[in-house]
Peer 1: 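Please read through the structure below; I'll follow up with questions.
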Amino acid sequence: MDQSPRPGTTPSALTSSFLHFVTFGGGVGLASGAAVAVLAGLLPFAVANAPVAAVSTVLATELRAASPSVRNSDPPPGEACCTAASATTCDPPERRPRPTA
């Protein structure tokens with residue numbers, strides 16, 4: 001996997017993206033840890049942890065998607081954003097189904 005920065009990505013954009021990740025990712029992690037600790041006093045730990053893990057994952061994903069560094073960037077060549085509806089077009093050419101003549 002190529003670890004080089006995307007073309008057109010400046011060091012300040014990389015720093016901004018990293019700080020966004022640390023701030024929101026760390027904040028969600030600390031908040032979810034506190035929420036589990038509070039809920040574990042009321043419920044069994046496993047029961048308290050499951051919904052907190054799910055909610056914190058969704059929250060972190062939404063915060064990451066709202067990041068200006070993510071919204072304003074195009075995926076690198078060959079790494080198109082795939083959805084279930086477009087999975088075949090995101091596959092590399094050698095894995096795409098061949099059209100029938």
Side-chain angles (χ1 to χ4, degrees):
M1 179 187 232
D2 183 19
Q3 295 295 323
S4 61
R6 295 183 200 172
T9 304
T10 63
S12 63
L14 293 174
T15 303
S16 172
S17 182
F18 177 73
L19 289 175
H20 182 87
F21 168 76
V22 169
T23 302
F24 289 111
V28 169
L30 291 173
S32 64
V36 169
V38 168
L39 287 176
L42 305 171
L43 304 166
F45 180 80
V47 174
N49 189 44
V52 171
V55 169
S56 67
T57 300
V58 170
L59 179 61
T61 302
E62 290 300 319
L63 287 172
R64 178 71 182 133
S67 168
S69 62
V70 173
R71 280 185 285 136
N72 295 331
S73 64
D74 293 325
E79 292 185 26
C81 181
C82 296
T83 63
S86 65
T88 56
T89 60
C90 293
D91 288 338
E94 62 274 6
R95 294 188 58 200
R96 292 183 192 159
R98 294 178 184 237
T100 55

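Only this structure's heavy atoms are used, side chains among them; waters, hydrogens and symmetry mates stay out. Throughout, numbering of the chain's residues begins at 1 and tracks the sequence.
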Peer 1: Compile the donor-acceptor pairs under 3.5 Å between side chains in residues 44-53 and protein atoms, sequence neighbours left out, one pair per line.
Peer 2:
none

Peer 1: Give every donor-acceptor pair under 3.5 Å between a side-chain atom in residues 25-42 and any protein atom, sequence neighbours left out.
Peer 2:
residue	atom	partner	partner atom	Å
S32	OG	V28	O	3.1
S32	OG	G29	O	3.0

Peer 1: Under 4.5 Å between side-chain heavy atoms, hopping through other hydrophobics if needed: is there a path connecting L59 to F24?
Peer 2: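 Yes; F24 is reachable from L59 via cluster members.
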